[in-house]
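Protein chains get the first letters and strands the later ones, always in sequence-line order, with residue 1 at the start of each.
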Protein chains: 2
Amino acid sequence: MSTPVQRRRASINDVARLAEVSVGTVSNVLNRPDRVSPTTRERVVAAIAELSFVPNGSARQLRAGTITTVGAIVLDIANPFFTDVARGIEDRLTQDDYTLMLANSEEDPEREQRYLRLFEEHGVQGVMVVPSDERIDHLLALRARGVNVVLLDRSSPLDDLSSVAVDDVSGGELAARHLLEQGHTRIAFLNGPHAIRQCVERHTGVVRALEAAGLDPAEALVEITVPSLNADGGEAGTRELLASADHPSAIFCVNDLTALGALRTLRHEGVRVPDDVAVVGYDDVTFAAELGTPLTSVRQPTHALGFRAADLLLAAAAGAPAEQVLFQPELVVRASSTTP
Amino acid sequence: MSTPVQRRRASINDVARLAEVSVGTVSNVLNRPDRVSPTTRERVVAAIAELSFVPNGSARQLRAGTITTVGAIVLDIANPFFTDVARGIEDRLTQDDYTLMLANSEEDPEREQRYLRLFEEHGVQGVMVVPSDERIDHLLALRARGVNVVLLDRSSPLDDLSSVAVDDVSGGELAARHLLEQGHTRIAFLNGPHAIRQCVERHTGVVRALEAAGLDPAEALVEITVPSLNADGGEAGTRELLASADHPSAIFCVNDLTALGALRTLRHEGVRVPDDVAVVGYDDVTFAAELGTPLTSVRQPTHALGFRAADLLLAAAAGAPAEQVLFQPELVVRASSTTP
DNA sequence: TTTCCATTATGAACCGATTCACCGACGAAG
DNA sequence: CTTCGTCGGTGAATCGGTTCATAATGGAAA
């Protein structure tokens with residue numbers, strides 16, 4: 001029924017022998033078919049089919065050096081924000097017939113390193129990375145070794161290192177200002193660890209909004225660090241918050257998955273949204289508008305983020321200078337935060 | 001500020017020269033450190049650091065053959081179902097220090113082929129694939145060439161080909177039977193193209209439930225093929241459905257993203273759920289319970305699916321025989337389908 | 001008929017690692 | 001004093017492609 005497993009993969013030598021030509025000719029059929037006469041070409045093509053020969057990528061790359069694969073490392077592949085970014089990347093790469101290897105660091109610097117090394121060993125053209133902590137030395141070292149690097153969702157501190165990011169300070173500010181305008185005077189912020197730059201910057205934005213309103217952040221801001229940037233983290237954070245009798249009347253969540261967990265927990269605990277507590281999320285994922293209480297959220301141009309990053313990477317490969325792109329987020333107001 | 005780009009990546013020869021040893025010794029330091037005297041080892045390690053040498057993976061693999069990377073191809077990386085599966089895969093692979101390359105076929109057989117070829121050229125240990133259409137010949141051929149293959153979310157027709165799947169016939173039946181029990185006598189099925197096996201099988205399940213209830217599927221079932229298996233597809237399908245005056249009072253959606261689009265459209269059109277129309281989804285993604293109208297859905301053991309698939313792949317690499325695993329889905333009833 | 005050029009094919013060198021047969025030195029045993 | 005085993009290290013062969021200098025062939029031009 002099924003074909004037996006071959007003893008050994010067919011090599012270009014086997015093809016050459018079967019087609020009774022030299023290995024050079026087989027290679028030419030593969031890479032420069034026009035330099036081979038039609039009759040020989042046919043013989044070689046037949047032999048290739050006969051042996052179901054697939055060229056060994058390692059050997060090819062070892063000799064030729066070039067490759068059309070790039071890598072991307074994101075913090076959490078289960079987060080719609082990152083998958084949308086990945087789609088943007090793929091859409092750009094497809095135009096140039098590049099392929100993407102996607103990896104997931106789970107916010108773990110060690111995993112990030114491991115994948116970077118894997119990519120480098122496989123000789124990728126370049127990598128797009130959402131750094132999982134503050135440090136980017138290893139990325140600079142990587143680049144020094146000839147691998148193109150583009151920072152993803154994180155602005156570059158260096159002029160000659162490309163980056164594509166969204167203004168997270170502004171995003172945090174938009175969210176907090178909105179809550180203040182709704183009459184809230186104290187805000188809870190379910191944030192991720194400060195090792196992650198985005199979290200720090202959104203925090204900065206929140207503080208800025210509070211100060212602009214004449215409030216003292218030490219008083220008006222309750223920051224809770226969630227154990228993970230997803231629904232379970234949001235649930236844990238919200239429980240911690242509700243444990244305190246004197247909790248704020250507004251919650252700003254570092255992303256929509258966290259907000260999802262918050263909404264779930266509030267509902268279970270009988271806290272009404274937005275009547276008792278207002279909630280604002282971040283990312284404006286697909287389902288944000290369809291929730292029991294439609295979620296106010298900070299929208300980011302996810303697809304464009306990925307698309308542009310891939311763009312910069314391909315440009316860098318072609319010798320173009322580095323560039324720092326910064327997109328602006330926008331607030332989408334829905335029921336979860338508006339006073340009834 | 002930043003280190004300049006090196007002319008050329010350092011090779012094992014450069015290291016050997018700098019450390020004044022032979023290349024064989026450097027290789028030993030890398031792979032069998034105990035066979036090298038401490039003093040020489042130190043010299044070599046210093047040289048490696050000095051040149052920031054990273055071994056060329058292509059060369060290594062070309063010579064050594066072995067590799068600890070596997071590939072996975074899913075239909076849509078933006079679908080939470082597949083990202084959960086991917087997490088399951090990663091969790092299993094991490095145990096054995098394998099790494100995952102993830103790719104996205106977008107239900108396009110050509111893209112699937114492209115990634116399979118990429119994986120094969122890079123000499124992966126094996127691949128896990130959610131086939132994007134009915135045919136699996138190319139996967140059998142791939143396996144015949146020595147690449148381990150595990151079918152993902154699709155049961156194998158061959159005894160000696162591993163697969164991990166969920167019983168989709170049963171899932172479709174569960175959903176349809178539930179709707180019939182709620183008193184509906186005609187059901188709309190927003191399904192994907194029949195090229196995708198899961199869609200065919202869920203359809204079979206629906207038909208089976210209808211027949212068991214003594215209904216004629218030709219009468220009681222209105223199947224609409226959505227243009228894409230996501231929220232936009234669900235919206236399009238629902239609009240098509242509403243265009244007919246005499247539409248069924250129940251909609252079964254082939255996945256939760258489609259259901260999300262359906263709920264959105266029904267709301268926009270002023271159709272009440274479940275009062276006017278009942279809706280059932282498939283996958284039970286995280287947000288299903290939190291929607292405006294909590295969504296009844298067929299739950300699948302996503303994480304286990306991926307975990308087990310990776311398990312079988314690693315087992316196959318170790319010489320274990322093929323195995324077909326079939327999980328059973330379960331229906332989670334919520335407000336979107338229960339008569340008020 | 002000879003010369004010359006274009007076309008097509010050849011085969012060896014090379015990419016950068018791993019692996020293994022072999023060698024030199026040194027200490028222990030006979 | 002020889003013999004032998006061990007340890008540490010060497011360097012050439014090898015993996016499977018690409019590339020390029022070179023050769024063979026044949027037809028057109030002189």
Side-chain angles (χ1 to χ4, degrees), chain A residues 6-45 47-48 51-68 117-118 120-124 145-146, chain B residues 6-45 47-48 51-69 117-118 120-124 145-147:
Chain A
Q6 281 187 0
R7 194 165 312 281
R8 195 176 54 81
R9 238 171 103 164
S11 85
I12 200 172
N13 275 294
D14 303 325
V15 175
R17 203 171 312 126
L18 182 61
E20 298 179 309
V21 295
S22 74
V23 290
T25 302
V26 177
S27 177
N28 279 333
V29 170
L30 255 33
N31 303 301
R32 284 140 22 244
D34 46 308
R35 293 206 192 159
V36 180
S37 77
T39 46
T40 359
R41 195 189 315 153
E42 265 175 48
R43 272 221 318 287
V44 173
V45 168
I48 289 177
L51 297 171
S52 60
F53 161 74
V54 174
N56 181 320
S58 303
R60 163 178 302 188
Q61 197 194 319
L62 175 57
R63 182 61 237 247
T66 56
I67 194 173
T68 57
R117 190 178 171 102
L118 178 75
E120 183 177 8
E121 287 185 354
H122 277 54
V124 297
R145 275 179 259 125
Chain B
Q6 280 187 2
R7 195 165 313 280
R8 196 176 53 82
R9 236 171 105 165
S11 83
I12 200 172
N13 276 292
D14 303 325
V15 175
R17 204 171 311 126
L18 182 60
E20 296 178 312
V21 295
S22 74
V23 290
T25 303
V26 177
S27 178
N28 278 334
V29 169
L30 256 33
N31 303 302
R32 297 173 329 270
D34 47 308
R35 294 208 191 157
V36 180
S37 78
T39 46
T40 4
R41 194 191 315 154
E42 266 175 46
R43 274 223 314 289
V44 172
V45 168
I48 289 177
L51 297 171
S52 62
F53 162 74
V54 174
N56 182 321
S58 303
R60 164 181 308 204
Q61 198 195 320
L62 174 58
R63 182 59 236 248
T66 57
I67 194 173
T68 57
T69 303
R117 190 177 172 102
L118 179 75
E120 183 177 9
E121 288 185 354
H122 278 52
V124 295
R145 274 179 258 126
V147 180

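Ranking dA17(C), dT19(C), dG16(D) by closeness to the L62(A) side chain, first place goes to dG16(D). For R63(A), the side-chain atoms get nearest to dG16(D) when compared with the rest of dG16(D), dA17(C), dG8(D). The side chain of V23(A) approaches dA12(C) more closely than any other nucleotide in the set dG17(D), dA12(C), dG9(D). When distances are taken from the side chain of T25(A) to each of dT10(C), dT10(D), dT18(C), the shortest belongs to dT10(C). Distance from the side chain of S11(A) is smallest for dG17(D) among the nucleotides dG17(D), dA9(C), dG9(D). Ranking dG9(D), dG16(D), dT19(C) by closeness to the T40(B) side chain, first place goes to dG9(D). Closest approach to the P55(A) side chain among dT18(D), dG17(D), dT10(C) is made by dG17(D) (side chain taken as heavy atoms from C-beta onward).
Of all heavy-atom pairs between V23(A) and I12(A), the closest is O-CD1, 3.9 Å. R9(A) approaches V54(A) most closely through the heavy-atom pair NH2-O, 3.2 Å. R117(A) and P55(B) get closest at one heavy-atom pair: NH2-CD, 3.4 Å.
Distances shown here put every side-chain N or O of S22(B) at or beyond 4.0 Å from the OP1 or OP2 atom of dG9(D). Contact annotation: S58(A) does not reach the phosphate of dG17(D) (side-chain N/O to OP1 or OP2, under 4.0 Å).
Between the base of dT18(C) and the side chain of R60(B) there is no donor-acceptor pair shorter than 3.5 Å.
For the pair E120(B) CD and dG17(D) P, the computed distance is 11 Å after rounding to whole Å. As rounded to whole Å, 16 Å separates atom C1' of dT14(D) from atom CD of Q61(B). Straight-line distance from the CG atom of N56(A) to the C1' atom of dG16(C): 14 Å, rounded to whole Å. Atom CD1 in I12(A) sits about 11 Å away from atom P in dT19(D), given to the nearest Å. One atom, NE2 of H122(B), and another, P of dG17(D), lie 14 Å apart when rounded to the nearest Å. Rounded to whole angstrom, the span from the CG atom of N28(A) across to the C1' atom of dT7(C) amounts to 13 Å. A straight line from CD of E121(B) to C1' of dC15(D) spans 16 Å, rounded to a whole angstrom. Regarding N13(B), its CG atom lies at a distance of 12 Å from the P atom of dG11(D), rounded to whole Å.
Residues D14(B) and R17(B) have side chains in contact (heavy-atom distance under 4.5 Å, counting atoms from C-beta outward). Using a 4.5 Å heavy-atom cutoff, the side chains of S37(A) and R43(A) are not in contact.
Residues V26(A) and R41(B) both approach DNA chain D. Their nearest nucleotides, taken by heavy-atom distance, put R41(B) toward the 5′ side.
Within residues 30-38 of chain B, the residues that have a heavy atom under 4.0 Å from DNA chain D are, in order of number, V36(B), S37(B).
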Exercise. Please assess L30(A) against I48(A) for the test side chain to side chain contact (heavy atoms under 4.5 Å, CB included), listing each intermediate value before the final yes or no.
Key: CA-CA 10 Å; L30(A) 255 33; I48(A) 289 177; 3.5 Å; yes
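Residue pairs meeting the salt bridge (charged side-chain N to carboxylate O under 4.0 Å, His left out) criterion with at least one partner in residues 27-37 of chain B, sequence neighbours excluded, do not occur; the list is empty.
A distance-only check finds a donor-acceptor pair linking the side chain of Q61(B) to the backbone of H122(B) [under 3.5 Å].
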